[in-house]
Protein chains: 2
Amino acid sequence: MDQQDSYGLLLQHVARHIQLTTEEQQYFVSLLKSRRLQRRQWLLQAGDTCRYENFIVEGCLRSYITDRNDAEHVLHFAVEDWWITDLESLLTQTPSQVSIEALEPSLVLQLERDALQSLYQRVPAFERFFRILHQNAYLAQNRRILQNISHTAAERYDAFLRQYPTIAARVPQKYLASYLGMTPVFLSQLRQQKAGKLK
Amino acid sequence: MDQQDSYGLLLQHVARHIQLTTEEQQYFVSLLKSRRLQRRQWLLQAGDTCRYENFIVEGCLRSYITDRNDAEHVLHFAVEDWWITDLESLLTQTPSQVSIEALEPSLVLQLERDALQSLYQRVPAFERFFRILHQNAYLAQNRRILQNISHTAAERYDAFLRQYPTIAARVPQKYLASYLGMTPVFLSQLRQQKAGKLK
DNA sequence: ACCATTTATTAAAGTAGTTGAATATTTACC
DNA sequence: GGTAAATATTCAACTACTTTAATAAATGGT
């Protein structure tokens, strides 16, 4: 995928929520940097301060934290047409607790913190755009919290399969287990049980 | 607390993020309805469609869902100077899964969905205000999810006590247990253990 | 200030999910 | 296409948390 196609994808994504003039589009695009990542390469390393909002043009990434026992916990997955960042670090400009790693060779468009601030100034429609984006992110998080506090591991796995079948098929099972708050061993057992039931 | 004081509190809250002219303030205030609630009264009943964003002037409320086994699960608490709604139902105008109940006699200022849309049109600074609000809400949710997938029940309780000591002291323990994703019995046992250790 | 109702505690038996360790299977990459 | 490395499975022992039920304590309304 070339640069123009990337911009096209992002502009289309933005156009779902706000309308921009040609000049506004050009200004927006002029703020973007693009970055390619190999599989297993970091987009953000814990300890570094997060500098970008990242829009994924192609590929698949995960964000995760490493706890004091060196165990990893997956916070989010992100694929084409989604955003990923450590918003906390980006907003406060403090070192990130979170790492972001490419699970596949990936291509992202990056919007630097200062660029984002200029964007809000020059094109206030982006306030609206990110309001809607964060609003939707908040809703998704709400649903996830609800799943977590009110459903068993088996139910959470089923719900994920229903809601994000492509992601479930795309990421290593151990990361999915981590995202869902269970061990890979237990997730494997759940799959085993389900397979048995179908016969 | 009288009407003027309520408006003052909300305007002060808004002023933390955006600046408004006197006319804008007056327009904003003109859109508000105020509502008093008794203890245990519903602000929103599951099955009804949510019509308002609610700003809490005084009191304390919880939002919760009732699952198919009639068990309740607490999603959020909200006290003075916070907002509460079922954003999903409000945005999609579909019947709410969520109920919101006053845990204390409470006073809220309500902003109707249509009024909110007009507000965005007439005073675009509110796009910014709600972007920041949702951004912060998203961050808080992120932290909560992290707690849930990576910490034990005891750790989650400790973290809550540290982060929201006043709320922990203010709401019935069983709702706190529900919010934290554990049974009231187990929370009681945790408290028991902690009390033992202090001696 | 009292009484009814709600909320918290305690104990004990049961279950969902974890841990560790060994084996099997899949995946990536030269 | 073969091989090392990463991921998934299986089993068994263990523990964090739940469930039920009965008792105690706290709370709020009149």
Side-chain angles (χ1 to χ4, degrees), chain A residues 37-41 59-60 62 64 67 69-74 77 101-106 147-161 167-198, chain B residues 37-41 59-60 62 64 67 69-74 77 101-106 147-161 167-198:
Chain A
L37 296 160
Q38 300 178 340
R39 186 162 177 273
R40 279 164 200 277
Q41 194 180 348
C60 178
R62 70 174 175 125
Y64 64 96
D67 69 21
N69 310 318
D70 281 335
E72 291 181 359
H73 303 277
V74 173
F77 297 112
E101 181 200 43
L103 298 177
E104 302 173 2
S106 302
Q147 291 287 335
N148 264 294
I149 64 176
S150 70
H151 291 84
T152 63
E155 290 167 332
R156 278 177 272 143
Y157 175 56
D158 283 346
F160 191 92
L161 283 185
I167 293 182
R170 201 165 166 182
V171 305
Q173 201 169 294
K174 63 174 182 172
Y175 294 141
L176 180 51
S178 173
Y179 177 92
L180 294 171
M182 67 187 83
T183 60
V185 172
F186 193 64
L187 179 53
S188 177
Q189 287 169 0
L190 292 177
R191 284 162 53 87
Q192 177 60 14
Q193 285 169 29
K194 283 188 74 168
K197 277 187 192 158
L198 293 180
Chain B
L37 296 162
Q38 300 177 341
R39 187 164 175 271
R40 277 164 200 276
Q41 193 179 348
C60 177
R62 68 175 176 126
Y64 64 96
D67 70 20
N69 310 319
D70 281 334
E72 292 181 357
H73 302 276
V74 174
F77 297 111
E101 182 200 42
L103 298 177
E104 302 172 3
S106 302
Q147 292 286 335
N148 265 294
I149 65 175
S150 69
H151 292 83
T152 63
E155 291 167 332
R156 277 177 273 143
Y157 175 56
D158 283 346
F160 191 91
L161 283 185
I167 293 182
R170 200 165 167 182
V171 305
Q173 200 168 293
K174 62 174 183 171
Y175 294 141
L176 180 51
S178 173
Y179 177 92
L180 294 172
M182 67 186 84
T183 60
V185 172
F186 193 64
L187 179 52
S188 177
Q189 287 169 0
L190 292 177
R191 284 163 53 85
Q192 178 60 15
Q193 285 168 28
K194 284 188 72 166
K197 278 189 192 157
L198 293 181

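The chains referred to below are lettered A, B, ... by the order of the sequence lines, with proteins before strands, and numbering in each begins at 1. As a basis for the values below, the full set of heavy atoms in this structure was taken, side chains included, without hydrogen atoms, waters or symmetry mates.
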Whole angstroms only, please: what is the [atom1]-[atom2] distance between [X] and [N]?
| X | N | atom1 | atom2 | result |
| --- | --- | --- | --- | --- |
| A:Tyr175 | D:dA6 | OH | P | 10 Å |
| B:Phe186 | C:dG17 | CZ | P | 14 Å |
| A:Arg156 | C:dG17 | CZ | P | 6 Å |
| A:Leu190 | C:dA16 | CG | C1' | 10 Å |
| B:Gln173 | D:dA24 | CD | C1' | 14 Å |
| B:Glu104 | C:dT6 | CD | P | 18 Å |
| A:Tyr157 | D:dA8 | OH | C1' | 12 Å |
| B:Leu187 | C:dT7 | CG | C1' | 12 Å |

### Query
For A:Arg191 and D:dA8, is the shortest distance between a side-chain N/O and OP1 or OP2 below 4.0 Å?
no

Counting heavy atoms from C-beta on, name the nucleotide in [options] closest to the side chain of [X].
| X | options | result |
| --- | --- | --- |
| A:Ser188 | D:dT9, C:dT10, D:dC17 | D:dT9 |
| A:Lys174 | C:dT9, D:dG29, D:dT7 | D:dT7 |
| B:Val185 | C:dT10, C:dT6, D:dT10 | C:dT10 |
| A:Thr183 | D:dT9, D:dT7, C:dT18 | C:dT18 |

### Query
Which comes earlier along DNA chain D counting from the 5' end, the contact point of B:Met182 or that of A:Arg40, where each point is its nearest nucleotide?
A:Arg40

### B:Ala153 or B:Arg39, whichever maps to the more 5' nucleotide of DNA chain D
B:Ala153

### Query
Which one of B:Tyr157, B:Phe77, B:Tyr64 satisfies the ring-ring contact (aromatic ring centres under 6.0 Å, His included) criterion with B:Tyr179?
B:Phe77

### Query
Would you say A:Pro105 and A:Gln38 make side-chain contact, with heavy atoms under 4.5 Å?
no

#### Entry: Full working for side-chain contact (heavy atoms from CB on, under 4.5 Å) between A:Lys194 and A:Asp158
CA-CA 10 Å; A:Lys194 283 188 74 168; A:Asp158 283 346; 2.6 Å; yes

#### Entry: side-chain contact (heavy atoms from CB on, under 4.5 Å) between B:Val171 and B:Arg62, intermediate numbers included
CA-CA 9 Å; B:Val171 305; B:Arg62 68 175 176 126; over 6 Å; no

### Query
What are the two closest heavy atoms between B:Ser178 and B:His73, and how far apart are they?
OG-CA, 3.3 Å

### Task
Could you say whether B:Gln189 or B:Val171 is positioned toward the 5' end of DNA chain C, judged by the nucleotide with the nearest heavy atom to each?
B:Val171

